[in-house]
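This structure is a prediction, so every number in the text was calculated from the model and none was measured. Side chains included, hydrogens not; waters and symmetry mates left out as well; all remaining heavy atoms used.
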Amino acid sequence: MRNCLLLILLTAVLLAGAGCDSLAIYPKRRVNFYRGSTGDLGRIRRICFVQLAENTGYPEIARRMSRALQQELQELGLFHVDLIPAGRFELRDLDLSKREPYTIRELAKIREDLHCDAVMFGRITSFKPYPSTQVGLYVRLMDLKDGRLVWAIDDVWDTTERETVARIQRYFFREMRETYQPVGDELAIMGTGAFQKFVSHEVVETIDPHSDQKSLPRQFFESPTGIDLRRIGRGAQKTASNTLADF
């Protein structure tokens, strides 16, 4: 028995020396997200994704992050996703600033004007450029048939954390290794575009009903003021990005 334990210990040391520690030691982190039932997701065929709002001073990052998320959602293959820029004319006549829950008639108007089954909206909550690359996201997916919250995420990805770096290495090893050689996973840490692609992959993975990740209870995402998540906005704004920046 003692010899077996020594052999196991020696094997672990050899794996670490071979550079496998970041792939083997660090488990998959639990992202803070909520996902409804498979039936809720199954009812959705077309999503209108309102470009992410931001108040971090990096509007181009919000646009690029939105495009990266749209592309990853399309590749998932569950929905068709239309990305709507901030200030799009279809949104101007919609009362997205109200605090009260939407009525069935109002939800029907949004569906008619946007030609979709659900609307996705949110904001970038934090951003730091290289060398301490970080991005925080707060995003919701609402079914326009009944105003039900179908999916939500609220988390931060930070390359100063060893666990995040290990997950980037795992992502490039499994998904993108051939694309970014010889720089490899270091590109995600150095380059904002590659890092956003990594974040988008982890975000969209939480939407996939076949993902083995466990979601948090819906109550985790309820507003601390008791306002239902369907009550979008805190003030009348002229553009969707400002309206959806605080909800």
Q. Could you go step by step and tell me if Met142 and Met120 meet the side-chain contact (heavy atoms from CB on, under 4.5 Å) rule?
A. CA-CA 6 Å; Met142 185 177 72; Met120 180 179 287; over 6 Å; no
Q.
Could you go through Asp82 and Cys116, starting from their C-alpha distance and side-chain angles, then the distance that decides it, and tell me whether this counts as side-chain contact (heavy atoms from CB on, under 4.5 Å)?
A. CA-CA 9 Å; Asp82 291 319; Cys116 60; 6.0 Å; no
Q: Applying side-chain contact (heavy atoms from CB on, under 4.5 Å), name anything that partners Ser200, two or more places apart in sequence or on another chain.
A: Met65, Ala68, Leu69, Glu72
(Q) Suppose we screen for ring-ring contact (aromatic ring centres under 6.0 Å, His included). Which residues come up paired with Phe79, at least two apart in sequence or across chains? (A) none
Q.
Taking ring-ring contact (aromatic ring centres under 6.0 Å, His included) as the definition, give me every residue that meets it alongside Tyr34, ordered by chain and number, with sequence neighbours left out.
A. none
Q: Give the minimum heavy-atom separation between Ile124 and Ala62, together with the two atoms involved.
A: CD1-CA, 3.5 Å
Q.
List the residues meeting side chain to side chain donor-acceptor pair (under 3.5 Å) with Arg63, not counting sequence neighbours, and say none if there are none.
A. Glu60
Q. Going through the distances and angles, do Trp151 and Val203 end up as a side-chain contact (heavy atoms from CB on, under 4.5 Å)?
A. CA-CA 11 Å; Trp151 168 87; Val203 169; 3.8 Å; yes
Q: Determine, for Tyr171 and Arg167, whether the Lys NZ or Arg CZ falls below 6.0 Å from the six-membered ring centre while staying within 45 degrees of the axis.
A: no
(Q) List the residues meeting side chain to side chain donor-acceptor pair (under 3.5 Å) with Gln70, not counting sequence neighbours, and say none if there are none. (A) none
Q) Taking only residues two or more places apart in sequence, or in another chain, which ones meet Asp208 in a side chain to side chain donor-acceptor pair (under 3.5 Å)? A) His210
**Q.** Partner residues of Lys145 under the side-chain contact (heavy atoms from CB on, under 4.5 Å) criterion, sequence neighbours left out
**A.** Arg43, Arg111, Asp143
**Q.** Which residues share a side chain to side chain donor-acceptor pair (under 3.5 Å) with Ser37, sequence neighbours left out
**A.** Asp40
Q: Output all residues satisfying side-chain contact (heavy atoms from CB on, under 4.5 Å) with Leu78, sequence neighbours left out; order by chain, then residue number.
A: Leu76, Pro209
Q. Should Glu202 and Trp157 be marked as a side-chain contact (heavy atoms from CB on, under 4.5 Å) after you check the CA-CA gap, both sets of side-chain angles, and the distance that decides it?
A. CA-CA 10 Å; Glu202 290 209 334; Trp157 288 258; 2.7 Å; yes
